[in-house]
Structure formats: C-alpha cells, structure tokens
Amino acid sequence: MSSFDVDLFVIGGGSGGVRAARIAAGYGAKVMLAEEYRVGGTCVIRGCVPKKLMVYASRFAEEFHEAQGFGWSVGETRFDWATLIRNKDREIDRLEGIYRTNLDKAGVEIVDSRAVIEDAHTVHVLKTGARIRARTILVAVGAHPTLEPVIPGGELGITSNEVFHLETQPKRVLVVGGGYIAVEFAGVFAGLGSQVTLLHRGDMLLRGFDDDVRAALGEAYVQRGVNLALGRTLTSLEKTSGGIAATLSDGSVLTVDQVLVATGRRPNTQGLGLEKAGITLDEVGAIPVDAYSQTLIPSIYAVGDVTNRANLTPIAIREGHAFADTVFGNKPTIVDHDLIPTAVFSTPEIGVIGCGEAAARAIYGDIDVYKTAFRPMKATLSGGKDRVFMKLIVDKATDKVVGVHIMGHDAGEMIQLAGIAVTMGATKADFDRTVAVHPTAAEELVTMRTPVVVKKPEAVG
Ligand SMILES: Cc1cc2nc3c(=O)[nH]c(=O)nc-3n(C[C@H](O)[C@H](O)[C@H](O)COP(=O)(O)OP(=O)(O)OC[C@H]3O[C@@H](n4cnc5c(N)ncnc54)[C@H](O)[C@@H]3O)c2cc1C
C-alpha cells in the first residue's frame, strides 16, 4: 500500500494549478488542490478577465462619438461604474463556479485553505490542520502586486487587486508604472472619462517592447488626453481635504482621488515553507526550476508566475499541462518560452510576437525592417485620430519573420493569427504570397514590400 495520501498535492488554484490538477487526475492520479482565496486565480478573479471587461467598458464613449460620422445620432449617454462592477462580479462568480465544477468532474478534491510545505512530501492544510502526504507537490501559488518602492504615505495607494472593487469611479487618477498593467488601467480610466496621469520613471512606456511601438503608444496616450509624466518617480503621498496629494521627484504635486501603483509583482513564496523542504529562492523570491518545472527537490515542482519565467496565463496553463504530461502521463514535455505572442489591452491595443528591432539586430545581425503607419478606413468618416502601426522584422539570412508588432484596433486578435505563421517559421516570402483580405487593416501585414532604409556603415557611399 502507498504511504502517501495523494499522488499530487497542488498548492494554488489559478491558471497553472487548475490545469495541472485536471490533467493529472485525467491520467488517474489522486489529486488534492488547495486554494486560499478563490478558484480561478489571478487571471479569472483579478487579472486578465475582469481587466478585459473593463477595457471593453472604456471603449464605448469613443464609439458613441465616432458613430455620428456614419449618420447616427447618439442621445445622451451616461456611464454607471456600479453597474459595471456588479456585472463584472457576476461574471467572475460564474467563471469561478465553472472552474470548481470542472475540477470536481475531473475528480480533484478542492480544499479551501492556505497550504504550506513542511517537507519534501508533506503539505500542511492550515484550515483543517491536516498534514497530507503527497508523492508529488506542485507549487502554483502565483504572485501578488506590491506597493513598491516604499515611500511616505505609500499605503494610500492601491494595487490592481483593489482597483477591481472600487465603489466609485475616481475622477482624478494617478497610475504609477510603465508596464502593461499600468498602461492598460491608464487607458481604462481615460476611456471612462477620468483625468489620468501616468507616471513612469523611464522615458518611454512598456520596457522590453519595440521602441517604435513604445513611442507610438506614448503619442496615442497623449492624444487621448493622458497626462504622461515620464522620467519621474513618486516620492510621497498625503491625504488632504481635496483628495490625495502626490509629490513627484521633480517637486511637483498632483491632487488625485486614487493612486494606482502598478510597479511590479512578487512571487507568493513568503511563509510557504519552501526552505524547510530545501528549496532556495532566487533574488526576486521566485522558485528556480528546470525545463520540466522540477525544483532541486525531486518531489516538488513549480509552474506559473511563482517561477517568474513568462508571467502570462497561457504560459502558466502550458507549464501546468506539461508538468502533468511529464509526471503522470509518461510524456516528458518541455514548454518553449521563446516565441510568445502577447497583447497589451491599451487603447489603442498592441499585439506582438518575436523580437523588437534592437533585440533582433543583436541576435540576427543583418535584418530587414518593414513599417507602415496609416489612418484606418473607419477613421475617414468617424474622424478618429488613432493611427494603425505595423512593423515586421525579417532575418535576412533565412528570410524568416522574427518579429511582428501591431498597434491599433484588434491588434490582440491579429497577433494571435500572425503568431501561428511566425511559430511555424514563416518567411517574408510566405507573407508576400498570402493574398490580402480587403478592405482590412490586417492586409497591410502581407502587402509591405519595401524595407525601411537602415543607416549602416557599409551602405554609405
Ligand atoms: C491586472 C492583471 C492583468 C493581467 N492580464 C493578463 C492578460 O491580459 N493576459 C495574460 O496572459 N496574463 C495576464 N495577467 C497575468 C496572469 O493573470 C498570470 O500570469 C496568471 O494568472 C498566472 O497563473 P498562476 O497559476 O501562476 O498563478 P495565479 O493565477 O495567481 O494563481 C495562484 C493561486 O494560488 C493561490 N495561493 C497562493 N498561495 C497559496 C497558498 N499558500 N495556499 C493556497 N493557495 C494559495 C492564490 O490565491 C491564487 O489563486 C494579468 C495579471 C494581472 C494582475
């Protein structure tokens, strides 16, 4: 008889943990999963899903305005924050229910409790006090937002966790950070009519993205009335009779109703007992794992944001699935973290796969760059100011498209499909022989013919 209570104990019922639990149970494993907050994890409860619903909400004002150019008379419009939050919460409840049902159906036992590790095979379920012996432990505890850096009055700020539950819409918002979460919420509040300042210590938003995209987004946000405060930091917050006074590093003071701090996230590894099992965390508190998501302790694996590899839902899901295939399905599987299509749900939206220009130059040396920026057809009647920007990066030696960058309406949808081609190794010649779909914005992806002239020493003279 086995000396273990379960084959697999999953700590964390988010994207990675739920997928791993279900697939392992499907292979016949006896699985228990502990979740301390709500099943579904960050993505479903306070990440991708509620955020996207708010992004949708934020885009209507512009559409009402643009409809007029097409002959529509749009009557008086009014936005009600409480209705949005209530409807969003109802949808999140529904999704959580589905996640629970699916785990039940798969035969996974859910424990609504925090769980911590006691040794290489023992998990302590805090709510019941039970100590469960598991053949394998999967740590899928995700990450949490921080109010960093610590400043006087910093506790007056909120993080993305709280932003989903504000009782009223802040009329004046300071969003701190230049990453995708900061950019997305700045876009949401601006679209809903709040006065938004986006404060970022760097000189461009979205570090790690292609510089042309970063510049284009900055221009689009300024155009939309977002006050971009770049190259500065927040030094203190203070409650005043008029709201929250935010002092910036240049000495200027802004008075706002809410300060959303979106400067980073940290793995949920504090107090998890990993040291007791012999696991040493890396410098940001993430769990080091090998390509199979296995830690240095053979019975303990980790997937998702807690490993800080690529902190996105589809990656956590893949890592969870690959773990279950490897350990319980007898199919050793590695997740490729190299080519990840991704979107930023700013308005205008961004979709990206592969390298930016600077990175491509460093990796491939000789590249061709194709770019286009144009006014979308809809804007001809609507009067919309946003332009669409597209950029392809091609490795000259192989003709492979190694980067696609899109900014504009539905860029997230476009990049998912372009991502298939790039993942398959499509060449520029493949893009060229693909017939355009007319009239669309996406057709520009297959009709760019002339690379931009890049200043290179050998090209001179
Ligand atoms: C505002 C926001 C927007 C985002 N938007 C996108 C997006 O558009 N697209 C995208 O791909 N990704 C997005 N992400 C990232 C995405 O949500 C994460 O990458 C993904 O949820 C990671 O999954 P995970 O399984 O690693 O962790 P999580 O989904 O965070 O799940 C971990 C779970 O473990 C639980 N837990 C923690 N400690 C314990 C413990 N000791 N015992 C029991 N339970 C515990 C937590 O409560 C949580 O439910 C967004 C994130 C945020 C914050």
Side-chain angles (χ1 to χ4, degrees), residues 9-21 32-55 92 95-96 99-100 110-118 123-127 132 137-146 158-164 175 177 179-186 188 260-274 286-287 289 293 301-321 323 340-346 349-352 412 415-416:
F9 196 110
V10 179
I11 309 180
S15 306
V18 167
R19 175 59 69 95
M32 194 179 273
L33 176 149
E35 169 53 56
E36 69 175 348
Y37 181 54
R38 293 181 66 183
V39 175
T42 303
C43 174
V44 176
I45 308 295
R46 45 196 182 183
C48 335
V49 175
K51 180 237 4 231
K52 186 85 188 275
L53 294 174
M54 291 173 83
V55 168
I92 301 307
L95 291 175
E96 182 180 5
Y99 270 74
R100 284 184 176 273
I110 305 172
V111 200
D112 289 298
S113 169
R114 179 170 172 79
V116 296
I117 291 174
E118 288 209 332
V123 178
H124 182 194
V125 177
L126 299 191
K127 199 159 164 187
I132 308 293
I137 297 170
L138 177 68
V139 184
V141 294
H144 62 277
T146 63
I158 59 168
T159 70
S160 62
N161 281 352
E162 293 77 44
V163 80
F164 294 116
V175 180
Y180 79 95
I181 294 175
V183 158
E184 289 174 342
F185 278 107
V188 164
L260 169 60
V261 179
T263 45
R265 293 174 60 80
R266 287 215 181 268
N268 286 327
T269 43
Q270 251 199 340
L272 198 58
L274 291 157
I287 303 178
V289 288
S293 297
Y301 289 71
V303 295
D305 285 7
V306 76
T307 61
N308 196 30
R309 285 175 281 182
N311 299 331
L312 293 166
T313 287
I315 299 299
I317 290 174
R318 284 209 164 198
E319 290 168 359
H321 201 128
F323 152 79
I340 300 175
T342 189
V344 177
F345 295 100
S346 45
E349 207 165 284
I350 292 171
V352 173
I415 207 66
Q416 180 66 84

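Excluded from the calculations below are hydrogen atoms, water molecules and symmetry mates; all remaining heavy atoms, backbone and side chain alike, are included. All ligand and atom numbering here is 1-based and tracks the order in the structure. FYI, the numbering just counts along the sequence from 1.
Residue Thr42 holds the heavy atom nearest to atom 29 (O) of ligand 1 of all those in Thr42, Val10, Val303. Which of Gly12, Ala140, Gly41 comes nearest to atom 32 (C) of ligand 1 through a heavy atom is settled by distance: it is Ala140.
With Glu162 contributing its side chain and Thr159 its backbone, the two residues share a donor-acceptor pair below 3.5 Å. Listed for the Glu349 side chain is a donor-acceptor partner under 3.5 Å among the backbone atoms of Gly412. Arg265 places a side-chain N or O within 3.5 Å of a backbone atom of Ala143 that can act as its donor or acceptor partner.
Residue contacts with ligand 1: Gly16 is placed with a nitrogen or oxygen under 3.5 Å of a nitrogen or oxygen of the ligand (distance criterion only). For ligand 1, the polar-atom distance check against Ser160 finds no nitrogen or oxygen pair separated by under 3.5 Å. Geometrically, ligand 1 and Glu184 share no nitrogen or oxygen pair separated by less than 3.5 Å. The distance criterion of under 3.5 Å between nitrogen or oxygen atoms is not met by Arg265 with respect to ligand 1. Residue Ala115 places at least one N or O, backbone or side chain, under 3.5 Å from an N or O of ligand 1. Distances between N or O atoms of Asn268 and those of ligand 1 include no value under 3.5 Å.
Of all atoms in ligand 1, numbered sequentially from 1 with element shown, those under 4.0 Å from a heavy atom of Gly142 are 26 (O), 27 (O), 30 (O), 32 (C). Close approach to Pro314 involves these atoms of ligand 1, each under 4.0 Å from a residue heavy atom: 11 (O). Against a heavy-atom cut-off of under 4.0 Å, Asn311 is close to the following atoms of ligand 1: 15 (C), 19 (O). For ligand 1, the atoms sitting less than 4.0 Å from at least one non-hydrogen atom of Leu312 are 10 (C), 11 (O), 12 (N), 19 (O), numbered in the order shown with element in parentheses. Atoms of ligand 1 found under 4.0 Å from any heavy atom of Ile11 (numbered from 1 in listed order, with element): 40 (C), 41 (N), 42 (N), 43 (C). Taking every heavy atom of Gly304 and a limit of under 4.0 angstrom, the matching atoms of ligand 1 come to 26 (O). Every atom of ligand 1 with a heavy atom of Ala34 under 4.0 Å away is listed here by number and element: 43 (C), 44 (N).
One finds the CG atom of Leu33 at 12.5 Å from the OH atom of Tyr99 (value rounded to the nearest 0.5 Å). Distance check: Ile315 CD1 to Ser15 OG gives 11.0 Å after rounding to the nearest 0.5 Å.
With a 4.0 Å heavy-atom cut-off, ligand 1 is reached by the side chain of Leu272 but not by its N, CA, C or O. Of all the heavy atoms of Ser15, the ones lying under 4.0 Å from any atom of ligand 1 are found in both the backbone and the side chain. With a 4.0 Å cut-off on non-hydrogen atoms, Lys51 touches ligand 1 through its side chain and not its backbone. Within the 4.0 Å heavy-atom criterion, neither part of Pro145 lies near ligand 1.
In this structure, atom 2 (C) of ligand 1 lies nearest to the protein heavy atom Gly47 CA, 3.5 Å. The nearest heavy-atom contact from the protein to atom 11 (O) of ligand 1 is Thr313 N, 3.0 Å.
Contact annotation: Ile181 has at least one heavy atom less than 4.0 Å from an atom of ligand 1.
You'll find the side chain of Arg309 reaches within 4.5 Å of the side chain of Val289, heavy atoms only.
Of the listed residues (Arg100, Lys127, Arg38), just one forms a salt bridge (charged side-chain N to carboxylate O under 4.0 Å, His left out) with Asp112, and that residue is Arg100.
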